[in-house]
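Residue indices begin at 1 and follow the sequence shown.
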Amino acid sequence: THPTKKTVSDWLHLHAGDLYNAYLADVDRNWIETTYKKHGYLFVAVEARLEPSGEGVALSYLVQEGPQVRLEELTFLGNDSIEEIELLEHMKIKARTWLGLAYDGTFDPADLEGDMTNLEVYCRSKGFLNAKVWVSETSFSENKEWMRLKIRVDEGIRFRAERIQIVGATLFTEEYL
């Protein structure tokens, strides 16, 4: 869904009749841009324009939306021990499925950032304590409507617990615990 005019005006900090504040105007410009990016418009450009108007100023936000970007392909590299399907289960972003029936592929950069963290946490829960996950390659179609991502998974060494000790317990024996 696209943000509506009512939704946008509800979120803006500056309104007609307020004292002009350059900082708040930039905060609002940034919010508009971020909102577009959250809906897949990665190439959006928002410019705040200030013009004299009567005894005050008129503030306009000029938006160049650009194309809505959808994720066409997501590839994992380096995941030797963890299956791709396991990694995908821990991600919000999804590549577009056939006819967009399950996932339309709309891409939100904030989701990708969270996904990289989630994947590292998941790999570490599987014993890869030094796992690192990052986007190694991003490419776009000529019209910039489709994106392909390559995600590098550096699992590192898998660790196993060799020994577990309970130290300092006086109320219960180690065997009981």
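Both V57 and L12 are part of a single hydrophobic cluster, where members link through side-chain heavy atoms under 4.5 Å apart. Following chains of ILVMFWY side-chain contacts shorter than 4.5 Å, one cannot reach F159 starting from V121, and the two form parts of different hydrophobic clusters. At a threshold of 4.5 Å between side-chain heavy atoms, the hydrophobic network of Ile, Leu, Val, Met, Phe, Trp and Tyr places V135 and L42 in one connected group. Criterion: ILVMFWY side-chain heavy atoms under 4.5 Å apart, direct or through other members. Under it, I32 and V69 are not part of a common hydrophobic cluster.
By the side chain to side chain donor-acceptor pair (under 3.5 Å) test, D28 pairs with H13, sequence neighbours left out. By the salt bridge (Lys or Arg N to Asp or Glu O under 4.0 Å) test, E155 is found to be paired with no residue, residues two or more places apart in sequence or in another chain being considered. For R152, there are no salt bridge (Lys or Arg N to Asp or Glu O under 4.0 Å) partners at least two apart in sequence or on another chain. Residues passing the side chain to side chain donor-acceptor pair (under 3.5 Å) test with E86, sequence neighbours excluded: Y122. In this structure K38 satisfies the side chain to side chain donor-acceptor pair (under 3.5 Å) test together with D108, sequence neighbours excluded. Residues forming a salt bridge (Lys or Arg N to Asp or Glu O under 4.0 Å) with R29 (at least two apart in sequence, or on another chain): D26, E33.
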When you look at L87 and C123, which way does the side chain to side chain contact (heavy atoms under 4.5 Å, CB included) test go after all the steps?
CA-CA 9 Å; L87 297 171; C123 290; 4.2 Å; yes
Side chain to side chain contact (heavy atoms under 4.5 Å, CB included) for K144 and E142? Distances and angles first, verdict last.
CA-CA 5 Å; K144 301 212 185 287; E142 196 172 310; over 6 Å; no
Chi angles and distances behind the side chain to side chain contact (heavy atoms under 4.5 Å, CB included) call for V153, D80
CA-CA 9 Å; V153 179; D80 299 325; over 6 Å; no
As a quick check of understanding, evaluate salt bridge (Lys or Arg N to Asp or Glu O under 4.0 Å) for E47 and R49, giving each step before the final call.
CA-CA 6 Å; E47 178 188 346; R49 252 199 209 148; 3.4 Å; yes
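Here R70 does not pair with E72 in a salt bridge; the nearest charged N to carboxylate O distance is not below 4.0 Å.
With rounding to the nearest 0.5 Å, the separation of CG in L149 from CG in D115 is 10.0 Å. The distance from atom OG of S81 to atom NZ of K126, rounded to the nearest 0.5 Å, is 10.5 Å. In this structure, the separation between CG on L71 and OG1 on T106 is 10.0 Å, given to the nearest 0.5 Å. Atoms CG and CZ, from N79 and F128 in turn, are 10.0 Å apart once rounded to the nearest 0.5 Å. Taking CD1 of I93 as the reference point, atom CD1 of I151 lies at 5.5 Å (rounded to 0.5 Å). Interatomic distance, CG of L24 versus CG of D18, reported as 8.5 Å (0.5 Å rounding).
Proximity of Y20 to L50: side-chain heavy atoms (C-beta onward) are separated by under 4.5 Å at one or more points. Counting heavy atoms from C-beta on, the side chains of P67 and N143 never come closer than 4.5 Å. For the pair M91 and N118, the minimum side-chain heavy-atom distance is 4.5 Å or more. Between V44 and V63, some side-chain heavy-atom pair lies under the 4.5 Å cut-off. Put simply, the side chain of T75 reaches to within 4.5 Å of the side chain of L77, judged on heavy atoms.
Counting non-hydrogen atoms of other residues, nucleotides and ligands closer than 6.0 Å to CD of E89 gives a total above 12. By the neighbour-count criterion of 12 heavy atoms within 6.0 Å, atom CD of Q64 is sparsely surrounded, having that number or fewer from other residues, nucleotides or ligands. The environment of L62 atom CG is dense: over 12 non-hydrogen atoms of other residues, nucleotides or ligands sit within 6.0 angstrom. Within 6.0 Å of NZ on K150 lie no more than 12 heavy atoms contributed by other residues, nucleotides or ligands.
In this structure, N21 and L14 approach most closely via the heavy-atom pair O-CD1, 3.6 Å. The minimum heavy-atom distance between A48 and Y61, with the atom names listed, is CB-CE2, 3.8 Å. Across L59 and A25, no two heavy atoms sit closer than the pair CD2-CB, 4.0 Å.
The main-chain N or O of W146 is found under 3.5 Å from a side-chain atom of S141 such that the two form a donor-acceptor pair. Looking at Q68, its side chain does come within 3.5 Å of a backbone N or O of H39 through a donor-acceptor pair. For K37 (side chain) and F107 (main-chain N/O), no donor-acceptor pair under 3.5 Å exists by modelled atom type.
At a cut-off of 3.5 Å, with distance as the only test, a side-chain donor of E65 or Y36 sits close to an acceptor on the other residue.
Ring pair F43/F140 is perpendicular by interplanar angle, where above 60° counts as perpendicular and below 30° as parallel.
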